[in-house]
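Report on the structure given below.
The chains referred to below are lettered A, B, ... by the order of the sequence lines, with proteins before strands, and numbering in each begins at 1. Note that these values count all heavy atoms, side chains included, but never hydrogens, waters or copies made by symmetry.
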Amino acid sequence: MAALKAEGVEHIFGIPGGANLPTYDALYDADLTHIQARHEQGAGHMAEGYAKASGRVGVAMATSGPGATNLVTAITDASMDSVPTVFITGQVRTDLIGTDGFQEADISGITLPIVKHSMMVADPRHLPDYIHAAFHIASTGRPGPVLVDVPQDLSRADIEYESASGPPDLPGYKPSTDGNIKQIRIAAKAIANAARPVIYSGGGVINANASEELRALARSDNFPLTSTLMGLGAFPAPDDQWLGMLGMHGTRAANYAMDEADLIIAVGARFDDRITGKLAEFAPRAKFIHIDVDPAEISKNVPVHIPIVGDAKKVLPKLTEEYIALGADSSRTAEWWDRIRAWQREYPLNYERNESGEIKPQAMVEAMYRATGGDAIITSDVGQHQMWAAQYYHFDRPRRWINSGGLGTMGFGLPAAIGAKVACPDETVVCLAGDGSLIMNCQELATAVRHEIPVKVFLMNNGYFGMVRQWQELFWEGRYSSVEMGPSPDWVKLAEAFGATGMRVEDTGEVEGAMRDALAAEGPVLLDVRVSPEENCYPMIPAGQAARDMVG
Amino acid sequence: MEAGTPDLIKLEDLEAASGRLSGRKHVLSILVENRPGVLARVAGLFSRRGFNIDTLAVGPTDDDSISRITLTLDGAVHPIDQVTKQLHKLVNVIKIRDMEPGETIAREMALFKVSAPVESRAEIMQFAEIFRARIVDVSRRSMTIELTGTLDKIEAFERMIRPHGLIEMVRTGEIAIARSRPDA
């Protein structure tokens, strides 16, 4: 506990059980706030939401066996999206390990492929060292999840805590963050010679707290900029230089610009298949500069011409400075901008508005933007609603958009919102949920009620696994297989059963007002918004195709 | 392309530096912390990323706290720089060396149990002598032969001995060490 406090931990999310009883006993009179989740997966996503909203390390605890295995999805999610998190699991007593003891699971083994690092405590005297090493590894370099597995008998040991003197001794862990200055100079010169440059920024910029530095680079010469789903908010939307999100459900302007660019400056982004589409036809005319703190990301999917390994916060200012010093001619991108403006005029994000009272899901997101004044932390689940939020809620600051990108975890939104609200109690936190997703972790409404965490859940209820339905409609001849949600549950009653406020809205004219009421109400609120059931999310690049093949 | 040159970098001159296949066998010599589970991490990484290990040998080093993993893999199938970069992400991996073929001594040991009735013993012993192998066990029907050498040598011996009836073969996988410089 003393080690956790020394790491600045104020909040822990978790559930007690047999194997972590000693830890929870120590928690009883520790000066830390414990948020008691209702499912360990929820606790894990809360820790992620906490970390993503605040930039601090999120901590989740679970007991051995099923408690630990319930964390697995959250740990994988944190790994895919590089979320600084520490997971502390109980383990059976050392004399029972390997005997298939009660509630024994080899959680270190199970999580090997999905952690940044893991440790099983073997000597209780070293427990504080493990904790410090875990926080160090989770939060430095490319952030990620670290698992600390503590056998029950070892966590009972009463040890004297001596505060750590300096960083932990990890001979195999030395992230390079500065960026090679020679490479940075070469990059600056290449940029100065590019006629059709695009900056492509990702979640790494948010993780590095480098939004200001990214903006400075973009502003240094009117460079067009697009962000991934995870990078939204690093650059303000809307903005003259902003092309919108790129990728499968990105804007045509962004995807076409990538397609025709002669130089792409990738910052903290990893050329995921949702970005590149068909790899062989991705940005065929471009050379690539890739700035990333993780050297293994460079040339993993797309061969890179100028690699720069480093922390965006350190590299970007140097690159901007070197670029400005070259005094490049700004007019070289004029034609490029003409081309981009033409795409923007021809293909703005749009949807069919209708005169009936039916609530279009896109209109719901726009109403949410107005009701929150564009100034809320928005979490989401995974699916159509997530994409519409990314398209129509204009994020202008980092750490305001919290969602599950890499793993695409349905059920992420509600617990992540709880974690974000705990981290930022003065901010408005809204979970934009899907009805298919929300039910996967709806038990956490109890956590919000019990701990008086006033998150607002705006449920985009279309009665389907909407994105799967869309794919079945478009690519599987409309054969809807197991995508209808049916009449259950009654969301208003469900919210009320948990002790939260339940509301429903079915007319488009009433959405914004209902949202304002929900935001003004005390405590957690679930607002069930009945939207058009079969609206499709466009535009889209069909899976495995190229940017030029965008439909819708 | 020098960083200090005043000229701008022409985009058409840029070439992607990595992600290429070398087309040859690589021997990676990996120093790891001597802790439980480290081999599982390395092996797990290979299977997760779809990298195929051809041979693997693990043993102690002159330092108790450090072990060495020597593994070989096919650079025609996997981009080696991606493999080493992924390995480097394992916290317990301290150092990786992609051994230069011309500057490396690589050896493997193999044990062959060969069917050896009296009439063919002389010939088998002759093969063993040619390959500087040692006969380490003899029974009425079989002989066991120990051979140390390069991969090629071991494979050549296997081809020679197989027609006599190879009952069992055990190989260690290659280990490797860098040659000293002439003046060192």
Residues which pass side chain to side chain contact (heavy atoms under 4.5 Å, CB included) with Val38(B), listed by chain and number, not counting sequence neighbours
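Testing Val38(B) for side chain to side chain contact (heavy atoms under 4.5 Å, CB included), a comparison that skips the adjacent residues, returns Val32(B), Arg35(B), Asn92(B).
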Just wondering, more than 12 heavy atoms not from [X] lying within 6.0 Å of its [atom1]?
X         : atom1 : value
Ile177(B) : CD1   : no
Arg142(A) : CZ    : yes
Arg132(B) : CZ    : no
Asp95(A)  : CG    : yes
Glu155(B) : CD    : yes
Lys153(B) : NZ    : yes
Arg97(B)  : CZ    : no
Lys278(A) : NZ    : no

By a 4.5 Å heavy-atom criterion (distance strictly below it), what part of [X] contacts chain B: side chain, backbone, both, or neither?
X         : answer
Asn301(A) : neither
Lys174(A) : neither
Ser118(A) : both

Greatest number of heavy atom pairs closer than 4.5 Å to chain A - which of Ile94(B), Leu11(B), Val83(B)
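Highest number of heavy-atom pairs under 4.5 Å: Leu11(B).
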Do Lys300(A) and Gln86(B) have side-chain heavy atoms sitting under 4.5 Å apart?
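Contact flag for Lys300(A)/Gln86(B) side chains = yes.
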Chain A contact via [X] - which portion, at a heavy-atom distance below 4.5 Å:
X        : answer
Arg48(B) : side chain
Leu45(B) : neither
Glu33(B) : side chain
Val91(B) : both

Out of Ile191(A), Asp262(A), Ile184(A), Leu170(A), which one racks up the most heavy-atom pairs below 4.5 Å with chain B?
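Maximum pair count with chain B is reached by Asp262(A).
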Interface residue of largest heavy-atom contact number with chain B, from Met120(A), His117(A), Lys116(A), under 4.5 Å:
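Most heavy-atom pairs under 4.5 Å with chain B: His117(A).
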Would you give the length of the straight line joining atom NZ of Lys89(B) to atom OH of Tyr173(A), rounded to the nearest 0.5 angstrom?
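One finds 10.5 Å between NZ of Lys89(B) and OH of Tyr173(A).
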Between Gln82(B) and Ala296(A), is there a donor-acceptor pair closer than 3.5 Å when you use the side chain of the first and the backbone of the second?
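Side chain of Gln82(B) to backbone of Ala296(A): a pair is present.
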